[in-house]
Engineer: 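This is the structure I have questions about; it appears just below.
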Amino acid sequence: MTLIPGRISVVIPAYNQEAYICDALSSLVRQKLGRWELEVLVVDDASDDQTADLVRGYEDQLPGLKLISLPENSGVSAARNAGLEQVTGEYFTFLDPDDWYSPEHLEALAESLTELHVDFVRCDHVRVTGTNRVIHRAPQALRGMPLNPADDIEPIDSPSMVDYAFVWAGMYRTELMRTRELMYFDAQLHSAEDRLWLWKLHLNTERYSVVSSPGVFYRRGLPGSLTQVFDHRQLGFIPAYSQILTEVRLHPDADRHLPKAMRQFFAIVCHHEKRAKNYPPEVRLEMKQKLRQVFTSVDAPMARQVALEMDVARRRHILSFLQPGQIGAAK
């Protein structure tokens, strides 16, 4: 699809979002774009409420609005992909349907992306819980300058940019992402899809920047959000990290980046183990089985070393997943 210079494409996946979609679209109506043109691609993921009708109501206010309707509910990854397939903007970004932008947000990111000559930019965001709003900063102190994405995979034992797993807190060059096959999400993942997508970006691009522009308002604690549900969807982190570990192993700097990937994976394993008491028994059992399968393929000496550098409770938990032979080989 032909790309149009000066156009910004915003992809919004939406499933049963009648309560919030108007906030997202109204924030796009209010954008102060300057020299930029806006394309808005809302993907209705087979909603059974008034989401699609509410989106159509913005057609006069948003000339670049396009509604894409999926025939059956396919999940956020597939919905984003459906929007990405029709992107015509020089740059693209994402907006979740229950979040919104400040009026200067898109122009600020597009100007930074242009002036800094980088592959993508990331930004801070504002977390909204009820009436409380708190700025959440991306974990990179160097701002407004070109950086090497691979250098910001580390440090291992403290937050880095691959821990800042919000694809909507950024803007990306469409042609580069398509050329390098970095644009699309794994449609089989129903959680942790952002983590895999961002790891691939940091491993396979050359230049990016972090800008001090907290213009995304991220609504937390909603009843339908993944943090509030306790079903099979929670297990998406397992195949996601299986792929992340594979991607890192194949990278020329695998020895440098693999400990970080393992540390992040182990931390998320422990997080889910804490929450597992709320999961149905069959989900807990499936999680244990799938994790043991992933652990059979890890580099045992490295896994043991990474685990030993974690706190005692996490260390014991991670070492319990390693087979006796693996632990022995690691000593």
Side-chain angles (χ1 to χ4, degrees), residues 1 9-28 39-59 62 64-87 92-100 165-169 177 182-198 200 216 218-243 268 272 275 278-284 286-287 290:
M1 190 170 289
S9 297
V10 180
V11 175
I12 307 176
Y15 174 66
N16 287 351
Q17 290 293 321
E18 64 181 9
Y20 305 108
I21 190 68
C22 291
D23 290 343
L25 294 176
S26 293
S27 77
L28 290 166
E39 174 180 63
V40 180
L41 301 159
V42 179
V43 183
D44 177 24
D45 194 13
S47 299
D48 54 19
D49 65 358
Q50 298 301 308
T51 296
D53 290 337
L54 290 170
V55 172
R56 292 188 190 98
Y58 279 80
E59 289 174 346
L62 283 171
L65 176 63
K66 184 173 184 179
L67 176 63
I68 303 165
S69 298
L70 300 186
E72 59 183 22
N73 184 254
S74 303
V76 65
S77 295
R80 280 180 179 155
N81 288 346
L84 289 168
E85 287 172 358
Q86 299 194 36
V87 158
F92 71 90
T93 187
F94 306 98
L95 178 61
D96 282 352
D98 49 7
D99 300 336
W100 69 93
F166 310 108
V167 298
W168 37 257
M177 299 304 162
L182 300 172
M183 196 160 179
Y184 298 103
F185 294 81
D186 183 338
Q188 302 304 311
L189 296 179
H190 295 284
S191 61
E193 71 286 339
D194 288 12
R195 291 184 178 274
L196 174 60
W197 199 84
L198 288 168
K200 291 170 76 171
V216 190
Y218 167 44
R219 213 186 302 249
R220 303 187 73 203
L222 298 180
S225 67
L226 192 61
T227 58
Q228 305 299 311
V229 298
F230 303 96
D231 59 23
H232 183 81
R233 286 172 289 177
Q234 291 288 342
L235 304 188
F237 81 96
I238 302 174
Y241 272 94
S242 180
Q243 290 188 60
I268 291 176
H272 280 274
R275 302 182 82 227
N278 297 310
Y279 298 171
E282 64 274 14
V283 174
R284 291 201 301 271
E286 184 180 357
M287 184 172 74
K290 288 186 173 181

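For the numbers below, each heavy atom of this structure counts, side chains included, while hydrogens, waters and symmetry mates do not. This chain uses plain numbering: 1 for the first residue, then up along the sequence.
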Engineer: Name all residues meeting the ring-ring contact (aromatic ring centres under 6.0 Å, His included) criterion together with F237; count only those two or more places apart in sequence or in a different chain, and write none if there are none.
Structural biologist: H272
Engineer: Could you tell me which non-hydrogen atom of L70 sits nearest to which non-hydrogen atom of A79, and how far apart they are?
Structural biologist: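 Smallest heavy-atom distance, with atoms named: CD1-CA, 4.0 Å.
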Engineer: Are any of the side-chain heavy atoms of I268 and R195 separated by less than 4.5 Å?
Structural biologist: yes
Engineer: Which value, rounded to the nearest 0.5 Å, describes the distance between I238 atom CD1 and E286 atom CD?
Structural biologist: 7.5 Å
Engineer: Sequence neighbours excluded, which residues qualify as salt bridge (Lys or Arg N to Asp or Glu O under 4.0 Å) partners of D99?
Structural biologist: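 For D99 there are no salt bridge (Lys or Arg N to Asp or Glu O under 4.0 Å) partners, ignoring immediate neighbours.
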Engineer: Between the main-chain N or O of Q50 and the side-chain N or O of E18, is there a donor-acceptor pair closer than 3.5 Å?
Structural biologist: yes
Engineer: Return the set of residues passing side-chain contact (heavy atoms from CB on, under 4.5 Å) with N16 (not counting sequence neighbours), or none when no residue passes.
Structural biologist: S47, D48, D49
Engineer: Run the side-chain contact (heavy atoms from CB on, under 4.5 Å) test against V167 and tell me which residues pass, sequence neighbours left out.
Structural biologist: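 With sequence neighbours excluded, V167 shows a side-chain contact (heavy atoms from CB on, under 4.5 Å) to R80, F94, Y172, F185, D194, W197, L198, given in chain and number order.
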Engineer: Given L28 and V10, is the side-chain contact (heavy atoms from CB on, under 4.5 Å) satisfied, shown in steps?
Structural biologist: CA-CA 9 Å; L28 290 166; V10 180; 4.3 Å; yes
Engineer: Do side-chain atoms of S26 reach the backbone of D23 as a donor and acceptor pair under 3.5 angstrom?
Structural biologist: no
Engineer: Ignoring hydrogens and geometry, is there a side-chain-to-backbone donor-acceptor pair from D45 to S74 under 3.5 Å?
Structural biologist: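 It does hold such a pair.
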Engineer: To the nearest 0.5 Å, how far apart are CG in L189 and CG in L235?
Structural biologist: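 Between atom CG of L189 and atom CG of L235 there are 12.0 Å.
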Engineer: Measuring from L196:CG to Q243:CD, what's the distance to the nearest 0.5 Å?
Structural biologist: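 L196 atom CG to Q243 atom CD measures 5.0 Å (nearest 0.5 Å).
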Engineer: Compare every heavy atom of W168 with every heavy atom of V216, then report the nearest pair and how far apart it is.
Structural biologist: CG1-CE3, 3.6 Å
Engineer: How many angstroms lie between atom CG of L41 and atom CD1 of I68, to the nearest 0.5 angstrom?
Structural biologist: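 So the gap between those two atoms works out to 5.0 Å.
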Engineer: Assess whether atom CD of Q188 is packed by more than 12 heavy atoms of other residues, nucleotides or ligands within 6.0 Å.
Structural biologist: no
Engineer: Would you indicate whether the side-chain heavy atoms of P97 and Y15 approach each other to under 4.5 Å?
Structural biologist: no
Engineer: Holding to salt bridge (Lys or Arg N to Asp or Glu O under 4.0 Å), I want the full list of residues that pass it with D186, two or more places apart in sequence or in another chain.
Structural biologist: none
Engineer: Check each of L54, I12, L95 against L25 using the side-chain contact (heavy atoms from CB on, under 4.5 Å) test, and report the only one that passes.
Structural biologist: I12
Engineer: On a heavy-atom basis, which atom in H190 and which in G75 lie closest, and how many Å separate them?
Structural biologist: ND1-CA, 4.2 Å
Engineer: Taking all non-hydrogen atoms of both residues, which atom of S191 and which atom of A240 are closest, and how far apart?
Structural biologist: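 Reported closest heavy-atom pair: O-CB, 4.4 Å.
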Engineer: For E59, check side-chain contact (heavy atoms from CB on, under 4.5 Å) against everything at least two apart and list the hits.
Structural biologist: R56, L65
Engineer: Test your reading of the model: is there a side-chain donor-acceptor pair from T51 to the backbone of Q17, 3.5 Å cut-off?
Structural biologist: yes
Engineer: Could you tell me whether E282 atom CD has more than 12 heavy atoms of other residues or ligands within 6.0 Å of it?
Structural biologist: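 For E282, atom CD is crowded (more than 12 foreign heavy atoms under 6.0 Å).
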Engineer: Does the pair E39 and F92 meet the rule for a side-chain contact (heavy atoms from CB on, under 4.5 Å), with working shown?
Structural biologist: CA-CA 9 Å; E39 174 180 63; F92 71 90; over 6 Å; no
Engineer: Please find the pair of heavy atoms, one from D96 and one from A24, that lie closest to each other, and give the distance.
Structural biologist: O-CB, 4.3 Å
